[in-house]
Protein chains: 2
Amino acid sequence: MESVLTEAVALLDEAGAPALTFRALAQRLGGGVASIYWYVESKDELLDRATDHVVGTVLADIEKAAPGDDPIDDLRAMAMTLFDAIVDRPWLGAYFMRNTDLQSNSLRLYEKLGRQTLRLKLDARQRFHAVSAIVGVVVGSAVDMGQEPPQEILDGAVDREEYLGRFASAWRELDPAEYPFIHEIVDEFDGHDDVDQFRSALDLTLAGLRLQAGA
Amino acid sequence: MESVLTEAVALLDEAGAPALTFRALAQRLGGGVASIYWYVESKDELLDRATDHVVGTVLADIEKAAPGDDPIDDLRAMAMTLFDAIVDRPWLGAYFMRNTDLQSNSLRLYEKLGRQTLRLKLDARQRFHAVSAIVGVVVGSAVDMGQEPPQEILDGAVDREEYLGRFASAWRELDPAEYPFIHEIVDEFDGHDDVDQFRSALDLTLAGLRLQAGA
DNA sequence: ACCTGAACACCGTTCAAGT
DNA sequence: ACCTGAACACCGTTCAAGT
């Protein structure tokens with residue numbers, strides 16, 4: 001079982017979600033396709049368990065960091081750790097927190113995040129919504145990122161800079177009267193950093209939360 | 001072409017993303033499978049064009065609403081309209097804003113949102129990040145929602161209330177000492193409304209943005 | 001308890017050929 | 001310019017059978 005998950009994660013890491021097929025996995029394990037069904041009921045379950053397997057390592061990273069004075073700063077640090085893990089493994093974004101039933105580490109991570117909100121002056125509903133919002137920012141940014149590389153970039157034929165630049169050029173061709181905002185931000189878009197973008201989104205949410213908690 | 005997209009959207013609406021196959025679509029159009037390839041180069045392109053097709057209607061809804069005094073309130077209204085559209089069509093969440101090259105209505109929507117930030121005291125980078133954050137909240141909540149129904153609920157065998165209740169019961173069984181946050185919010189989770197959850201996340205982001213803009 | 005080969009019912013995509 | 005039938009190379013999943 002352990003090796004099924006390890007090899008599944010290895011396939012996902014090497015070439016993303018489409019690379020994880022029962023046939024490829026079976027070949028790597030040196031067995032038949034049907035064997036995998038002894039460990040797992042379906043591909044969905046395989047994905048859930050593989051996801052939870054790596055969330056376990058994220059959770060360990062998060063637990064290493066000592067809790068600080070400010071719960072919101074702790075929330076920020078935890079969200080950043082989680083986001084970093086998704087940057088390393090873009091496939092994670094799509095499956096993370098999909099099924100807390102099968103993903104017990106995800107549930108623990110959810111609890112870990114939520115515990116920080118217990119230190120804030122909020123009611124139960126506000127706490128529930130706050131954690132949902134933070135997870136939403138992570139997943140939203142991750143999804144945005146995970147879908148970005150359109151195979152050219154994975155092949156190494158085109159790097160990220162050139163890929164963004166191509167979009168930027170197309171945008172600069174647009175009529176400035178009709179697309180004033182696009183022209184306003186095209187230089188920011190060109191060569192932008194996903195992590196910056198994520199941090200800004202997270203900080204807006206956390207600023208709103210701090211305001212709400214009166215802290 | 002128009003009818004290809006209309007029927008594709010119809011299939012997606014009726015039974016979600018897995019229902020849209022070239023064979024099912026061809027049958028509906030009363031033709032052969034290969035015909036579709038005259039209009040579209042791949043399934044990805046079909047999905048992008050179908051998505052942009054419905055984003056066009058969302059855009060029309062958004063343009064109907066008159067601009068108000070407060071740009072942030074306008075941003076909220078636009079985001080809510082967008083979210084409502086995704087509630088009606090959960091499959092949208094996964095493809096929305098995936099490719100602004102093929103999705104010209106999505107680009108226009110992005111511009112529409114961004115134009116509100118031009119009315120705020122922000123620099124270009126802040127504006128870029130603000131719109132990304134808002135789109136991120138929408139997509140993040142939409143993804144969370146879109147993956148929720150695990151077929152039982154689609155079959156009508158189990159309604160949403162019961163589905164949530166089942167999770168809530170499992171959570172109530174957890175050790176309160178180990179999962180204090182889960183116990184804090186389990187009653188909120190039970191029977192919660194996705195729209196409430198989304199609105200809260202959006203409001204946190206917008207509160208942060210208002211603070212940043214000093215408005 | 002654990003694994004297998006072979007089949008089943010699907011997919012997206014291609015291609016030579018038709019009007 | 002538009003459409004087709006038939007094939008190709010895959011999928012996830014099942015099942016009877018093996019150790």
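By convention in this document, chain letters (A, B, ...) are assigned in the order of the sequence lines, proteins followed by strands, and residues within each chain are numbered from 1. Computed from a predicted model, the values in this text were never measured in an experiment.
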Ion pair present between B:Glu14 and B:Arg28, side-chain N to carboxylate O less than 4.0 angstrom?
-> yes
For atom CD of A:Glu45, is the number of surrounding heavy atoms from other residues, nucleotides or ligands below 6.0 Å larger than 12?
-> yes
Euclidean distance, atom CE of residue B:Met1 to atom P of D:dA1 [Å, nearest integer] | 17 Å
For B:Leu20, which contact category applies under a 4.0 Å heavy-atom criterion: base, sugar-phosphate, or nothing?
-> sugar-phosphate
Distance, rounded to the nearest Å, where A:Phe22 contributes CZ and D:dC10 contributes P | 18 Å
Provide, to the nearest angstrom, the distance between the OH atom belonging to A:Tyr39 and the P atom belonging to C:dC2.
-> 6 Å
What is the distance, rounded to the nearest whole Å, between atom CZ of B:Arg23 and atom C1' of D:dC10?
-> 11 Å
Indicate, with a heavy-atom threshold strictly under 4.0 Å, whether A:Ile36 touches base, sugar-phosphate, or nothing.
-> nothing
Using atom P of each nucleotide, how far apart are C:dA17 and D:dC2 to the nearest Å?
-> 22 Å
Under 4.0 Å between a side-chain N/O of A:Tyr37 and OP1 or OP2 of D:dC15, yes or no?
-> no
Look at A:Asp187 together with A:Arg172 and state whether they make a salt bridge at an N to O cut-off of under 4.0 Å.
-> yes
Once you round it to whole Å, what is the distance between C1' of C:dG12 and CG of B:Leu11?
-> 16 Å
Are A:Lys64 and A:Asp61 ion-paired here, with the side-chain N under 4.0 Å from a carboxylate O?
-> yes
Take atom CD of B:Glu45 and atom C1' of C:dG12, then tell me their distance rounded to the nearest Å.
-> 14 Å
If only side-chain N and O atoms of A:Ser35 are considered, is one of them under 4.0 Å from the OP1 or OP2 phosphate oxygen of C:dT4?
-> yes
So which heavy atom on A:Gln103 is nearest to which on A:Tyr95, and how close?
-> NE2-O, 3.2 Å
Counter-base of D:dC8, judged by Watson-Crick or G-U geometry with both distances under 3.5 Å = C:dG12
Separation of atom CH2 in B:Trp38 from atom P in D:dG5, rounded to whole Å = 19 Å
Could you say whether A:Gly32 or B:Val33 is positioned toward the 5' end of DNA chain C, judged by the nucleotide with the nearest heavy atom to each?
-> A:Gly32
Would you kindly give the CG-to-C1' distance between A:Leu25 and D:dC11, to the nearest whole Å?
-> 14 Å
Using heavy atoms to find the nearest nucleotide of DNA chain D for A:Ser42 and B:Gly30 separately, return the residue whose nucleotide is more 5′.
-> B:Gly30
Side chain of A:Ala34: nearest nucleotide among D:dT13, D:dT14, C:dC11?
-> D:dT14
